[in-house]
Amino acid sequence: MKKHFNISKKLFLIFIGCLFLIKHLSGQSVHVAGIFPTIDHSGKINNKWNYSFYYFGAFPLTEIKASKLSLQDKFLLFYSEQALTFSLSSRLSFTGSYVYQRENVLQNTYVNENRIHLQATFKHELKSINFKHRLRMDNRFIENRITGKSTYTHRLRYLFGIDFPIKSKKNNLYFVGYEEAF
């Protein structure tokens, strides 16, 4: 048990170190606090197929760090996602999803994006530590309000996640962390 704790402790410290390094490398320029209501629902259709719905709104109330964001934009983002997942096994699954996203929802500067993504997710376990790898291809159609056309762009995303129980599986207290590269 002590050896398992030492491995978990080392992996945890390495993961936290990577998060601090990545934080210094990030290019995010918007730092706000507010209300971000979310509806996240998923369910099984049968033993191979699952569905999910994810809806999200961003209502900023205050800036934490100066940015170009105007807090007059009281409804900053609306995001909706509907997905179907096929599980090839308990470790490997494939998902197709449609996303509609609108930024600056109530302003004249709004931007609409329609997105279809395809992804593969692979999960594995080492002792009681769970690892998750997700590779996603986003196919994006972003509306240009000046020309009235929706241009096509794409991006490849890789997510690495880790979770493990902090004390034991019986008390349901877990550490979860992930990082995604675009």
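Sequence positions, counted from 1, serve as the residue numbers for this chain.
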Inset, instruction - Give the C-alpha distance, both sets of side-chain angles, the deciding distance and a yes or no for side-chain contact (heavy atoms from CB on, under 4.5 Å) between His117 and Met137. - result: CA-CA 5 Å; His117 70 247; Met137 177 65 172; over 6 Å; no
Distance check, rounded to the nearest 0.5 Å: [X] atom [atom1] versus [Y] atom [atom2]?
{"X": "Ile166", "Y": "Leu173", "atom1": "CD1", "atom2": "CG", "value": "4.0 Å"}
{"X": "Gln101", "Y": "Ile142", "atom1": "CD", "atom2": "CD1", "value": "8.5 Å"}
{"X": "Glu179", "Y": "Ile162", "atom1": "CD", "atom2": "CD1", "value": "13.5 Å"}
{"X": "Leu92", "Y": "Phe122", "atom1": "CG", "atom2": "CZ", "value": "7.0 Å"}
{"X": "Ile116", "Y": "Ser97", "atom1": "CD1", "atom2": "OG", "value": "9.0 Å"}
{"X": "Phe78", "Y": "Asn104", "atom1": "CZ", "atom2": "CG", "value": "15.0 Å"}

With sequence neighbours left out, what residues match [X] under side-chain contact (heavy atoms from CB on, under 4.5 Å)?
{"X": "Lys48", "value": "Asn46, Phe86"}
{"X": "Asn112", "value": "Tyr100, Arg102, Tyr110, Glu143"}
{"X": "Ser93", "value": "Thr85, Ser87, Thr121"}
{"X": "Arg157", "value": "Arg115, Arg134, Arg136, Asp138, Arg155, Glu180, Phe182"}

Inset, instruction - Using the ring pair (Phe, Tyr, Trp, His ring centres under 6.0 Å) rule, take Phe59 and Phe75 through it: C-alpha gap first, then chi angles, then the decisive distance, then the call. - result: CA-CA 5 Å; Phe59 302 89; Phe75 191 1; 4.5 Å; yes
Legend entry - Expected output: side-chain Asn144 to main-chain Thr147 donor-acceptor under 3.5 Å: yes
Inset, instruction - Taking Arg140 for its side chain and Thr153 for its backbone only, find out whether a donor-acceptor pair lies under 3.5 Å. - result: no
Legend entry - Under 3.5 Å side-chain donor-acceptor pair for Tyr51 and His41: yes
Inset, instruction - Report yes or no: do Tyr98 and Asn114 form a side-chain donor-acceptor pair below 3.5 Å? - result: yes
Inset, instruction - Assert yes or no for the condition that the ring centre distance of His133 to Phe131 is strictly below 6.0 Å. - result: no
Inset, instruction - Verify the cluster assignment for Phe175 and Phe160: are they in a single hydrophobic cluster under the rule of side-chain heavy atoms below 4.5 Å apart? - result: yes
Legend entry - Cluster link Val99 to Phe56, ILVMFWY, side chain under 4.5 Å: yes
Legend entry - Contact check, side chains of Thr38 and Tyr54, non-hydrogen atoms, under 4.5 Å: yes
Minimal non-hydrogen separation, [X] against [Y], with atom names:
{"X": "Tyr174", "Y": "Pro165", "answer": "CD2-N, 3.5 Å"}
{"X": "Val105", "Y": "Leu77", "answer": "CG2-C, 3.8 Å"}
{"X": "Tyr178", "Y": "Gly161", "answer": "CB-CA, 3.8 Å"}

Legend entry - Remaining members of hydrophobic cluster (4.5 Å side-chain criterion), Tyr152: Phe141
Legend entry - Members besides Leu118 in its Ile/Leu/Val/Met/Phe/Trp/Tyr cluster (side-chain heavy atoms under 4.5 Å): none
Inset, instruction - Go through the steps to decide whether Leu88 and Phe94 satisfy the test side-chain contact (heavy atoms from CB on, under 4.5 Å), and finish with yes or no. - result: CA-CA 8 Å; Leu88 194 60; Phe94 299 95; 4.1 Å; yes
Inset, instruction - Let me see the working for Glu81 and Phe53 under side-chain contact (heavy atoms from CB on, under 4.5 Å), right down to the final yes or no. - result: CA-CA 6 Å; Glu81 178 179 331; Phe53 301 109; over 6 Å; no
